[in-house]
Number of protein chains: 2
Amino acid sequence: MKKITIKDVAKAAGVSISAVSRVFNGYEDISEETQKKVFAAAEKLEYTPNSAARHLSTKKKKIIALVLNEINVTRGVAMPLEILGGVIDSVDQTDYEFMFIPTDRKKQEKKSLLQLAREYDLSGIIIQGLRTSDPYYGELSALPLPIVGIDLALDDLNIGSVAVDNYGASIEVTERLIHAGYKKILFVNGSKEAVVSQTREAGYRKGLGQYKPHVLYADYQEQKAFDLIYEYPDLTQFDAIYAASDLMAIGIIKALIQRQMMNEIAVVGFDDITLASYITPTLSTVRQNISEITKNAVSDVIEQIEEGRVRKRLVPYEIIVRESAQF
Amino acid sequence: MKKITIKDVAKAAGVSISAVSRVFNGYEDISEETQKKVFAAAEKLEYTPNSAARHLSTKKKKIIALVLNEINVTRGVAMPLEILGGVIDSVDQTDYEFMFIPTDRKKQEKKSLLQLAREYDLSGIIIQGLRTSDPYYGELSALPLPIVGIDLALDDLNIGSVAVDNYGASIEVTERLIHAGYKKILFVNGSKEAVVSQTREAGYRKGLGQYKPHVLYADYQEQKAFDLIYEYPDLTQFDAIYAASDLMAIGIIKALIQRQMMNEIAVVGFDDITLASYITPTLSTVRQNISEITKNAVSDVIEQIEEGRVRKRLVPYEIIVRESAQF
DNA sequence: CTGAAAGCGCTTACAG
DNA sequence: CTGAAAGCGCTTACAG
């Protein structure tokens, strides 16, 4: 493939490469005639400035990276895709460049976040899906770089965060269940390492008040949640099950149906994934507004980059009542 | 954020920058001692070669880009995510770099594929989600660059393609329906512009043989498919409906249930999205093996880059019989 | 085995 | 308003 560089355009337009560069960067002090010649030549040659060269020579870079951890774990859960799409759309409306950096445990061990930031001259990072046990998690506080975590509750005041109000939502779910007469509530949590898990569990415990907590862990997996409930010795001690994710709630519903106990136990999930409204019975759950989250994440990193202000932001949730739990 | 460059490492290690570069690029003719000093210095400084500088100065670039069109159209359909994850995993196992380029109509109009390729010095492109009406679609044939389309049936022998055998699958679905006694089959297609739509429809027509085709279009939308079937004047003229996507099939099932006709009409979908096995009745469909598709797409672009061989590849499908159609 | 130097394709003070 | 030149951080023949 033939390379077309700024020199080719300059020659074709009969001007210097400085002139071409200035035209492409929207400088004001360029005669209209030069602009026209440059654009004409560029168009004819299908010229685009080379990204690497531009990045290398430009002073103030404007690149926001979205670092997504473990995106391909669960088939059928489109949340990382929604986040990706949302962040892309938001960044597109600014003059920042977008960069997508998928990661996982192995990659984290090979290259630190700081190295990643240096490698690509990042201006700021939005990161999602981290567990407390991830290498990047420990690195966060020391990072000399604007950073916003999604679903990441760190006390560190230098790290931005945007998350649905997991704590408040869990309190409300629990309290409403209690008010509706469900006082023996089992909480099926994901993993102890996920920050969201901890927060949701804390809300559940808070919401319970005087009532006794019961917590099991199913690692955010439908099958594990199914097994847990299917094999649980004495389910009659519960009248409601609140799961930290819809997928686990669905596993629980299947197990309850098998055990013919769906009528005796209410089930509430979290996320409002697509499946929630398609299964039978339809699933009551807490909806996260992903596009609200991504919009804020982007505007917050930019604010952090440009003004240094760090925000801890909670995005409102919505409780969706469907067939699996009336409360 | 302090920049650490090759100079800092060279100074810290007490060698020239050439030596540092050679060590990082795995050259053989470097004394072990130099290697150790360089690695020690690099580690201490958390140095990583700057990507832009490296790209600019290196001769043979090795970058494979995944261009995904319109990723955020349908909530709950995780296929683009599966493709993304699959391509990332495959590229990770090679010495090529991965780059993600999301696009849409507007972006396509602003920057051509050729310009994109030049901007990032791409070695090869994997592209998915194109419709025949997209600007990039028309550009494909003239692109002087290794390219593999997913779900893209172009006659052009210079463009690689990997796709499930849409034609064969549609023939088999149709023929099996006929053999099972369903001879009045309605085909609900997506859009006329999508290449996959055309291929699936062709298979349907072929499989019908002597029987009469009936085709409607619902733009791959559940709601449109629902409306179409819900309002269709005389459904008794059909005994089966074959939809070009699961999502439309689900809309159709909902409409048939509303009209109390689910028992009289068999429904078959395409894709095997997660929802297919969760709805009631569970959906018979054609499964695409996404990971097989992505694996082949990556190995095919690389083969095209390195050896110039272009493949047109069909990946096997699997017909999944569930409750909505026994055939 | 090692270093000095040219060059990758841009941007941006600087001088005119 | 315009061009020549330095510099961004690397890689890679080249000479030793």
Side-chain angles (χ1 to χ4, degrees), chain A residues 1-39 41-42 45-63 95 97 115 117-123, chain B residues 1-39 41-42 45-63 95 97 115 117-123:
Chain A
M1 194 177 61
K2 187 161 176 303
K3 272 202 176 176
I4 302 292
T5 75
I6 198 171
K7 279 190 201 164
D8 301 306
V9 179
K11 193 182 297 174
V15 299
S16 72
I17 63 163
S18 327
V20 176
S21 177
R22 284 199 199 89
V23 169
F24 265 82
N25 288 292
Y27 280 51
E28 302 280 284
D29 57 343
I30 285 281
S31 76
E32 217 170 290
E33 207 197 316
T34 302
Q35 286 192 37
K36 268 190 202 136
K37 284 192 293 185
V38 167
F39 279 133
L45 297 170
E46 285 203 63
Y47 168 74
T48 326
N50 178 271
S51 165
R54 190 168 219 173
H55 279 143
L56 189 56
S57 58
T58 206
K59 293 289 179 235
K60 27 123 215 50
K61 336 265 166 164
K62 298 197 142 200
I63 310 178
D95 58 342
E97 237 180 276
Q115 286 179 315
R118 284 197 182 132
E119 181 171 5
Y120 300 115
D121 274 323
L122 305 178
S123 325
Chain B
M1 195 177 60
K2 189 164 174 302
K3 271 202 178 177
I4 301 293
T5 75
I6 197 170
K7 278 189 200 165
D8 301 306
V9 179
K11 192 182 296 174
V15 298
S16 72
I17 64 162
S18 329
V20 176
S21 177
R22 285 199 198 91
V23 170
F24 264 83
N25 288 292
Y27 279 52
E28 302 282 284
D29 57 342
I30 284 280
S31 75
E32 217 169 291
E33 207 197 318
T34 303
Q35 287 192 35
K36 269 192 201 134
K37 284 191 294 187
V38 167
F39 279 134
L45 298 169
E46 284 202 61
Y47 167 74
T48 327
N50 178 271
S51 165
R54 189 169 220 171
H55 280 143
L56 188 57
S57 58
T58 208
K59 293 291 179 231
K60 26 125 217 47
K61 336 265 166 164
K62 297 197 143 199
I63 310 179
D95 58 341
E97 238 181 276
Q115 286 178 314
R118 284 196 182 133
E119 181 172 6
Y120 300 114
D121 274 323
L122 304 178
S123 325

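Proteins get letters first, then strands, A, B, ... in listed order; numbering begins at 1 in each. None of these values were measured; they are calculated from a predicted model.
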Legend entry - Nucleotide-level pairing of DNA chain D, given in dot-bracket where Watson-Crick and G-U pairs need both distances under 3.5 Å and | marks other strands: |||.||||||||.|||

Inset, instruction - Among D:dC8, C:dG9, C:dT11, find the nucleotide with the atom closest to the side chain of A:R54. - result: C:dT11

Inset, instruction - Kindly compute the distance separating CG (A:L56) from CG (B:N50), expressed to the nearest 0.5 Å. - result: 6.5 Å

Inset, instruction - Classify the nucleic acid contact of B:S21 as base, sugar-phosphate or nothing, counting any heavy atom under 4.0 Å across all strands shown. - result: base

Legend entry - For A:L45, all residues meeting side chain to side chain contact (heavy atoms under 4.5 Å, CB included), sequence neighbours excluded: A:I4, A:D8, A:V9, A:A12

Inset, instruction - Write down the distance between CD1 (A:I17) and C1' (D:dG7), rounded to a whole number of angstrom. - result: 12 Å

Inset, instruction - Between C:dG3, C:dC10, D:dC10, spot the one nearest the side chain of A:T5, thanks. - result: C:dC10

Legend entry - C:dT2 phosphate, OP1 or OP2, under 4.0 Å from B:T34 side-chain N/O: yes

Inset, instruction - Please state whether the base of D:dA4 and the side chain of A:S18 form at least one donor-acceptor pair under 3.5 Å? - result: yes

Inset, instruction - For A:I4 and for B:V15, find the nucleotide of DNA chain C with the closest heavy atom, then tell me which residue's nucleotide is more 5'. - result: B:V15

Inset, instruction - Answer yes or no: does a side-chain N or O of A:S57 lie under 4.0 Å from OP1 or OP2 of C:dC10? - result: no

Legend entry - Atom-to-atom span, CZ of A:R118 to P of D:dC10 - whole angstrom: 11 Å

Legend entry - Residues in side chain to side chain contact (heavy atoms under 4.5 Å, CB included) contact with A:K11, at least two apart in sequence or another chain: none

Legend entry - Stretch residues 22-30 of chain B: residues that reach within less than 4.0 Å of DNA chain D through a heavy atom: B:R22, B:N25, B:Y27

Legend entry - Distance test, side-chain N/O of B:S31 to OP1/OP2 of C:dT2, below 4.0 Å: yes

Inset, instruction - Please list, chain by chain and in numerical order, all residues satisfying salt bridge (charged side-chain N to carboxylate O under 4.0 Å, His left out) with A:E97, sequence neighbours excluded. - result: none

Inset, instruction - Report the residues that fulfil side chain to side chain donor-acceptor pair (under 3.5 Å) with B:E119, sequence neighbours left out, ordered by chain and then residue number. - result: B:K111

Inset, instruction - In whole angstrom, give the distance that lies between atom CG of A:D121 and atom C1' of D:dC8. - result: 10 Å

Legend entry - OH on B:Y47 to CZ on A:R118, rounded to 0.5 Å: 10.5 Å

Legend entry - Distance below 4.0 Å between B:Y120 side-chain N/O and C:dG9 OP1 or OP2: no

I'd like a table of donor-acceptor pairs (distance under 3.5 Å, sequence neighbours excluded) in which one partner is a side-chain atom from residues 14-26 of chain B, with atom names and distances.
unit_1: B:S16; atom_1: OG; unit_2: B:S18; atom_2: N; d: 3.4
unit_1: B:S16; atom_1: OG; unit_2: B:A19; atom_2: N; d: 3.2
unit_1: B:S21; atom_1: OG; unit_2: B:N25; atom_2: ND2; d: 3.3
unit_1: B:N25; atom_1: OD1; unit_2: B:R54; atom_2: NH2; d: 3.0
unit_1: B:N25; atom_1: ND2; unit_2: B:S21; atom_2: O; d: 2.8

Inset, instruction - Round to the nearest Å and state the distance from B:D8 atom CG to D:dG9 atom P. - result: 9 Å

Inset, instruction - Rounded to the nearest angstrom, tell me the gap between atom CD1 in B:I6 and atom P in C:dA4. - result: 13 Å

Legend entry - Between C1' of D:dG9 and CG of B:N50, the distance in whole Å: 6 Å

Inset, instruction - Check side chain to side chain donor-acceptor pair (under 3.5 Å) between A:D29 and all other residues, then give those that pass, not counting sequence neighbours. - result: none

Legend entry - Residues in side chain to side chain contact (heavy atoms under 4.5 Å, CB included) contact with A:E33, at least two apart in sequence or another chain: A:S31, A:K37

Legend entry - Whole-Å distance separating the NZ atom of B:K7 from the C1' atom of C:dA5: 13 Å

Inset, instruction - Round to the nearest Å and state the distance from A:K37 atom NZ to D:dT2 atom P. - result: 7 Å

